[in-house]
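Here's the structure we're looking at; comments come further down.
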Amino acid sequence: MGGLSAAFTTDFLISFALIATVLIMLGLIFNLYSELSTIKKRYKKMMGTSEGDSIEQMLSAHTSTVNEVAEEHKKMRNRISTLEELIRSSLARVAVVHFDAFEKTGQGLSYCVAILDRNNNGVIFTLICGQESERSYVKPIEDGRVADKYKLTKEEEQALRQAMGKGFRE
């Protein structure tokens with residue numbers, strides 16, 4: 001009977017080892033199922049918002065918004081360029097120089113007004129006041145210079161220099 005008891009003990013140990021292995025496997029399966037369930041819940045939460053939007057729909061909406069903003073940015077840059085050109089050509093630099101055209105008057109009633117844009121294009125108005133009459137002159141200015149057919153007086157040159165020294169800087 002010694003052989004029967006040894007066989008019984010060996011069979012018992014093998015059965016015990018198999019049952020223990022099955023129980024460990026069941027535990028691992030239960031653990032994996034639990035983790036998979038948690039991952040599924042997190043995935044569903046991420047993929048669908050409370051409004052019913054999926055992450056794909058949200059990404060698509062955000063991509064559309066980014067494209068719209070990029071297009072609007074492009075339009076704004078074009079508008080800014082147009083406005084910069086308009087500002088560059090607007091009359092923004094002004095200088096006035098008063099002077100006595102005639103020694104006897106002494107009241108400084110004569111004057112020159114230089115009006116220029118940012119490219120130093122514009123005009124110089126000159127008004128010479130005398131006791132009996134007034135004379136006015138207008139001379140065009142291009143790139144900070146008067147045309148060859150005109151000559152600037154020292155007062156007009158002073159007004160032009162002052163106007164060119166004013167205005168916007170980039």
Side-chain angles (χ1 to χ4, degrees), residues 31-170:
N31 186 34
L32 288 174
Y33 178 78
S34 175
E35 286 181 21
L36 182 61
S37 178
T38 302
I39 290 172
K40 278 184 178 179
K41 285 178 187 176
R42 289 175 62 194
Y43 177 77
K44 283 182 180 180
K45 185 176 180 182
M46 180 180 71
M47 293 305 284
T49 62
S50 60
E51 293 86 31
D53 294 339
S54 72
I55 197 165
E56 284 182 56
Q57 291 168 331
M58 288 178 6
L59 285 174
S60 177
H62 286 300
T63 301
S64 295
T65 303
V66 166
N67 289 338
E68 289 172 11
V69 168
E71 188 62 32
E72 189 65 28
H73 179 261
K74 189 176 182 182
K75 288 178 185 176
M76 290 294 187
R77 301 265 318 159
N78 289 336
R79 288 180 188 164
I80 288 170
S81 295
T82 302
L83 289 174
E84 284 175 344
E85 282 301 313
L86 181 63
I87 287 171
R88 189 170 300 284
S89 64
S90 67
L91 299 176
R93 298 175 179 181
V94 179
V96 178
V97 174
H98 288 271
F99 61 97
D100 290 325
F102 305 103
E103 293 179 19
K104 294 179 184 177
T105 60
Q107 297 176 351
L109 297 176
S110 299
Y111 60 88
C112 300
V113 179
I115 303 173
L116 305 174
D117 64 11
R118 289 176 65 178
N119 296 317
N120 293 325
N121 297 322
V123 293
I124 293 182
F125 296 103
T126 303
L127 181 67
I128 298 178
C129 296
Q131 289 179 340
E132 300 293 322
S133 66
E134 296 177 357
R135 293 186 184 240
S136 61
Y137 302 92
V138 177
K139 297 176 184 175
I141 304 297
E142 290 186 26
D143 294 322
R145 295 186 196 96
V146 70
D148 290 336
K149 66 181 181 176
Y150 300 106
K151 185 174 191 247
L152 295 179
T153 65
K154 65 179 181 173
E155 292 84 7
E156 291 170 332
E157 287 178 4
Q158 180 183 356
L160 180 60
R161 279 193 312 273
Q162 286 178 4
M164 287 172 49
K166 293 182 179 181
F168 302 101
R169 303 272 187 242
E170 290 187 36

Counting only N and O atoms by type, is there a donor-acceptor contact under 3.5 Å from the side chain of Thr82 to the main-chain atoms of Asn78?
yes
Crowded around Tyr111 OH? As in, over 12 foreign heavy atoms under 6.0 Å?
no
Donor-acceptor side-chain pairing of Asn120 and Arg93 below 3.5 angstrom
yes
Taking all atoms of both residues into account, what is the closest heavy-atom pair of Ala163 and Leu116, and its distance?
CB-CD1, 3.7 Å
Nearest heavy atoms of Glu142 and Asn121, plus distance in Å
CA-OD1, 3.2 Å
Closest non-hydrogen atom pair, Met164 against Gly144:
SD-CA, 3.8 Å
From CA spacing to verdict: side chain to side chain contact (heavy atoms under 4.5 Å, CB included), Arg161, Gln158
CA-CA 5 Å; Arg161 279 193 312 273; Gln158 180 183 356; 4.0 Å; yes
How far does CG of Leu86 sit from OG of Ser81, to the nearest 0.5 angstrom?
12.5 Å
I need the Cys112 SG to Lys139 NZ distance, nearest 0.5 Å.
8.0 Å
Give me the atom names and distance for the closest heavy-atom approach of Ile124 to Leu160.
CD1-CB, 4.0 Å
Inter- and intrachain pairs under salt bridge (Lys or Arg N to Asp or Glu O under 4.0 Å), touching residues 72-87, at least two apart
none
Where Cys129 and Leu109 come nearest, the two heavy atoms and their spacing
SG-O, 3.5 Å
Please check if the side chain of Asp117 supplies one atom and the backbone of Ser90 the other of a donor-acceptor pair under 3.5 Å.
no
Check Ala159 against Ala114 and note the closest heavy-atom contact, atom names and distance.
O-CB, 3.6 Å
Interatomic distance, Phe125 atom CZ to Ile115 atom CD1 [nearest 0.5 angstrom]
5.0 Å
Rounded to the nearest 0.5 Å, what separates atom OG in Ser64 from atom CG in Leu59?
11.0 Å
Just verifying a value: how many Å separate Leu36 CG and Tyr43 OH, rounded to the nearest 0.5 Å?
12.5 Å
So, does Ser136 use its side chain to make a donor-acceptor pair with the main chain of Leu127 at under 3.5 Å?
no
Point-to-point distance, once rounded to the nearest 0.5 Å, from OG1 of Thr126 to CG of Leu152
8.0 Å
